[in-house]
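Within every chain, numbering begins at 1; the chains are lettered A, B, ... in the order of the sequence lines, protein sequences first and strands thereafter.
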Amino acid sequence: MKNENLQKNFIEEFVEEDLQKGRYTHVHTRFPPEPNGYLHIGHAKSICLNFGLALKYNGKTNLRFDDTNPVTEDTEYVDSIREDVRWLGFNWDNEYYASDYFGQLYEWAEVLIQKGKAYVCELSSEEISTMRGTPQIPATPSPFRERSPEESLDLFRRMKNGEFPDGSKTLRAKIDLASPNMHMRDPILYRIIHVKHHRTGDQWCIYPMYDYAHGESDYIEKITHSICTLEFEVHRPLYEWFLASIELPLPRPRQIEFARLNLSYTVMSKRKLLQLVKENRVNGWDDPRMPTVCGLRRRGFTPESIRMFADRIGVAKRENVIDVGLLEFCIREDLNKKANRVLGVINPLKVVITNYPENQVDELDAINNPEDPEAGSRKLSFGRELYIEREDFMEVPPKGYFRLSPGTEVRLRYAYFVTCTNVVKDAQGEIVEVHCTYDPASKGGNSPDGRKVKGTIHWVSAKHAIEAEIRLYDRLFMSETPEDVEEGQDWKDNINPDSLKVVKGFVEPYLANAKSGDKFQFERLGYFCVDADSTDKKLVFNRTVTLKDSWAKMVTKG
RNA sequence: UGUCUGAUGGUGUAAUGGUAGCACUUGUGAUUUUGGUUCAUACAGUCCAGGUUCGAAUCCUGGUCGGACAACCA
């Protein structure tokens, strides 16, 4: 941890240099989501970066909603974004909306027109597009390009006043039609959209484009470092052109780009995530298989684990694909220290302890968390009839199998040594019950004669256990790179049909009062959390992640 | 076949002209009342070719390969 903090990423180096050279006297960042979708783990990287920078350099961070397109945006998203950022553990210094600046942005647009740096264009979007040229061939000038500032100003004011229909006119910057950077070929600043805005209502019918609005919003908020993803690198000259052309006094914000997060076995684009939701491939944005912040939260991830993840993946400019295993590592790492251990059986097999008295019940001590002495201990009830994991019994065990099989002795965790004496099968030959004898002297899990057993397995008392629904989640995609597909194939062909299995299991009574969001380690199985669907009558658990399983690995390797 | 940008173990990320390090993954071993945790240990890397230099991952030249960009989206 100490080393990681000493190690500076390239953005921190820029920041320190800027501070040292006196370009800025402080650090002020912003996280600028568009309220048209839910935040995902990629946004979380950006959030940790922006807020982390402010934390590290004693600066500030704004939450700014980039709401310049009323067609796709909604307050529903504003609320979820706020909740997610807060949940991740960050508090913004100011909450702003690009729409707060529509007045100022409009005034500056007039300034640009007056300076002869912008004009009202009456070309349709198709015409603009075909006249834009290609990277090698320059654009052909709009016939309206040389129109006088006075005429443009008049038209622009009338655009604002709602005199023209959608799409009939735009305000364009007058830059460089031959620029190899397509963004400099007279980009659009304003378009006409007669749509109610989620905050400004019907006050405006012209809306600024991202390139124009973003940098000026940064300037208004006195942002020093405007951090964004790599695809905006090409936009930087434009970002700077606007600031310079309006002749805004220094200091101006500095845009710095970093490589967005890609995760193996995951799709991250908003469009694709929306499609998964719309087509019911998942159960909503907060489906525990989704890489959304709300999905991860429901899956049982902690804010700490996500911050740790953001910390470990680092920040750089090169394209990257992070192994989703790292995210799994982070949640295990965090939950290993925090989650209380419990016994739960998700694929039950009945066990009868034949030499255990019919109505006897033992109360046994169980440690809540060996990693945390403060967590204390609890009592476990033991009875004649139990459930164990079906995988923990094999009639014909392979070499190296430490668990229960005919004639072998294992430890029931915190309880007794038991030896399998008999197997009961149904007509189909399926094992329905296993009979064991127990050694009363081994109470608690140790034999006074010092004899050892290789295996320790978990169990629940049939009489005391609570039934629960267990949702076993696996990766949503079978392919490491779901978007890479053969001709004629679709990324959705890579969806894992077994990404969710719902089973009926049994858990110890200790969990009767568990609340939505509570997290536990089911010993030897994994980390589980109580799902929001859980009720007093019916417990529902989500499997967040399995434990590392070196036996399973050995088996698959053969 | 334009512009911008990048290239370090399997995956990420450091080293800013001076011993290529860290994490995850993987292998092996120890400990263990979770085949978990923890601990130890091992494998494995500078895209290529030239040049500058006592010395190059780092600087220069030329290649190669990857990514982004031609929405009235952000």
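- Residue H183(A) is in sugar-phosphate contact alone, with no base atom involved, counting any heavy-atom pair closer than 4.0 Å across all strands shown.
- Using a 4.0 Å heavy-atom distance criterion, S550(A) is classed as a sugar-phosphate-only contact.
- W551(A) qualifies as a stacking partner of the G35(B) base, centre to centre under 5.5 Å and near-parallel within 30°.
- Distance D211(A) CG to A71(B) C1': 11 Å, rounded to the nearest Å.
- Distances shown here put a side-chain N or O of R132(A) below 4.0 Å from the OP1 or OP2 atom of C72(B).
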Subject >> From CA spacing to verdict: ring-ring contact (aromatic ring centres under 6.0 Å, His included), H214(A), F232(A) >> reply: CA-CA 11 Å; H214(A) 201 91; F232(A) 292 101; 7.4 Å; no

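- For the pair L230(A) CG and A74(B) C1', the interatomic distance rounds to 16 Å; values are reported in whole Å.
- Taking the P atom of each, G63(B) and A57(B) are spaced 23 Å apart, rounded to whole Å.
- Within the nucleic acid shown, E34(A) comes within 4.0 Å of sugar-phosphate atoms alone, with no base atom in reach, counting heavy atoms only.
- In the interface, the side chain of E391(A) is not paired with the base of G35(B) through any donor and acceptor atom under 3.5 Å apart.
- Counting non-hydrogen atoms under 4.0 angstrom, F417(A) reaches nothing in the nucleic acid.
- Residue-level contact check: F232(A) touches the bases, meaning some heavy atom is under 4.0 Å from a base atom.
- Nucleotide A74(B) holds its P atom 14 Å from the CG atom of D218(A), rounded to whole Å.
- Ring pair F102(A)/Y106(A): centre-to-centre distance not below 6.0 Å.
- E233(A) comes within 4.0 angstrom of the backbone, heavy atoms only, and of no base.
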**OP:** Show your working on side chain to side chain donor-acceptor pair (under 3.5 Å) between T229(A) and E257(A) and close with a plain yes or no.
**Re:** CA-CA 5 Å; T229(A) 45; E257(A) 311 85 11; over 6 Å; no

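- At least one donor-acceptor pair under 3.5 Å links the side chain of S442(A) to the backbone N or O of D439(A).
- When the P atom of C73(B) is taken as reference, atom CE of M182(A) falls 17 Å away, rounded to whole Å.
- Comparing R236(A) and T170(A) against RNA chain B, the residue whose closest nucleotide sits nearer the 5' end is R236(A).
- When heavy atoms are screened at a 4.0 angstrom cut-off, E257(A) is found touching no nucleic acid atom at all.
- Under the 3.5 Å distance criterion, with hydrogens and angles disregarded, no donor-acceptor pair is assigned to the side chains of Y38(A) and D84(A).
- For an aromatic pair to be called close, the ring centres must be under 6.0 Å apart, and F541(A) with F522(A) satisfies this.
- Among the heavy atoms of the strands, none lies under 4.0 Å from I206(A).
- Applying the 4.0 Å criterion to OP1 and OP2 of G35(B), one finds that K454(A) has every side-chain N and O outside that range.
- Residues P237(A) and N181(A) have side chains in contact (heavy-atom distance under 4.5 Å, counting atoms from C-beta outward).
- Using a distance-only test at 3.5 Å, with no hydrogens or angles considered, a donor-acceptor pair links the side chain of E389(A) to the main chain of I346(A).
- Across all strands, G325(A) comes closer than 4.0 Å to no nucleic acid atom at all (heavy-atom distances).
- Going from the P atom of A15(B) to that of U52(B) covers 28 Å, rounded to whole Å.
- Separating the CD atom of Q136(A) from the P atom of G2(B) is a distance of 6 Å, rounded to the nearest angstrom.
- Across all strands shown, G526(A) has no heavy atoms under 4.0 Å from either base or sugar-phosphate atoms.
- Here the separation of G45(B) from C24(B), taken at their C1' atoms, is 15 Å to the nearest Å.
- Between R191(A) and A74(B) there is a side-chain polar atom (N or O) within less than 4.0 angstrom of OP1 or OP2.
- We find that CG of D311(A) is positioned 14 Å from P of A23(B), with the value rounded to whole Å.
- Remark: D67(A) CG to Y96(A) OH distance equals 14.5 Å, nearest 0.5 Å.
- Positionally, the nearest nucleotide of RNA chain B for R403(A) lies more toward the 5' end than for the other of N36(A) and R403(A).
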Subject >> Pair pattern of RNA chain B in dot-bracket, where unpaired bases get dots and | marks partners in another strand, Watson-Crick or G-U under 3.5 angstrom >> reply: .((((((..((((....[..)))).(((((.......)))))....(((((..]....))))))))))).....

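- Between R543(A) atom CZ and G36(B) atom C1' the separation is 15 Å, expressed in whole Å.
- With R341(A) contributing its side chain and A339(A) its backbone, the two residues share a donor-acceptor pair below 3.5 Å.
- Spacing between U61(B) and G21(B) at atom C1', rounded to whole Å, works out to 30 Å.
- Contacts of Y414(A) with the nucleic acid, taken as non-hydrogen atoms under 4.0 Å apart, include base atoms.
- Put simply, the residue from D392(A), T456(A), T546(A) that forms a side chain to side chain donor-acceptor pair (under 3.5 Å) with R524(A) is D392(A).
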Review item, nucleotides 11-14 of chain B N/O atoms under 3.5 Å of protein N/O:
| unit_1 | atom_1 | unit_2 | atom_2 | d |
| --- | --- | --- | --- | --- |
| U11(B) | O3' | V321(A) | O | 3.2 |
| U11(B) | O2' | V321(A) | O | 3.1 |
| G12(B) | OP1 | V321(A) | N | 2.8 |
| G12(B) | OP1 | V321(A) | O | 3.4 |
| G12(B) | O5' | V321(A) | O | 3.4 |
| G12(B) | O2' | I313(A) | O | 2.9 |
| U13(B) | OP2 | R318(A) | NH1 | 2.5 |
| A14(B) | O2' | Q7(A) | NE2 | 3.2 |

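- Not one side-chain nitrogen or oxygen of T72(A) sits closer than 4.0 Å to the OP1 or OP2 atom of A74(B).
- One interatomic measurement links the two molecules: CZ of F258(A) to P of A68(B), which rounds to 16 Å at whole-angstrom precision.
- Look at the C1' atom in both C54(B) and A49(B): the space between them is 23 Å, to the nearest Å.
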**OP:** List the steps, then state whether side chain to side chain donor-acceptor pair (under 3.5 Å) holds for N161(A) with E163(A).
**Re:** CA-CA 6 Å; N161(A) 293 339; E163(A) 291 184 31; 4.6 Å; no

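- Screening E304(A), E333(A), E374(A) for a salt bridge (charged side-chain N to carboxylate O under 4.0 Å, His left out) involving K338(A) leaves a single residue, E304(A).
- Residue contacts shown for P370(A) include a base, since a base heavy atom lies under 4.0 Å away.
- R332(A) comes within 4.0 angstrom of no nucleic acid atom, judged by non-hydrogen atoms across all strands.
- The same atom, C1', is picked in U53(B) and in A14(B); the two are 25 Å apart, to the nearest Å.
- No contact: K337(A) has no heavy atom under 4.0 Å from any strand.
- Between T68(A) and C73(B), a side-chain N or O to OP1/OP2 separation shorter than 4.0 Å is absent.
- When the P atom is used for both G9(B) and C4(B), the distance is 26 Å, rounded to whole Å.
- Nucleotides U19(B) and U46(B) place their C1' atoms 15 Å apart, quoted to the nearest Å.
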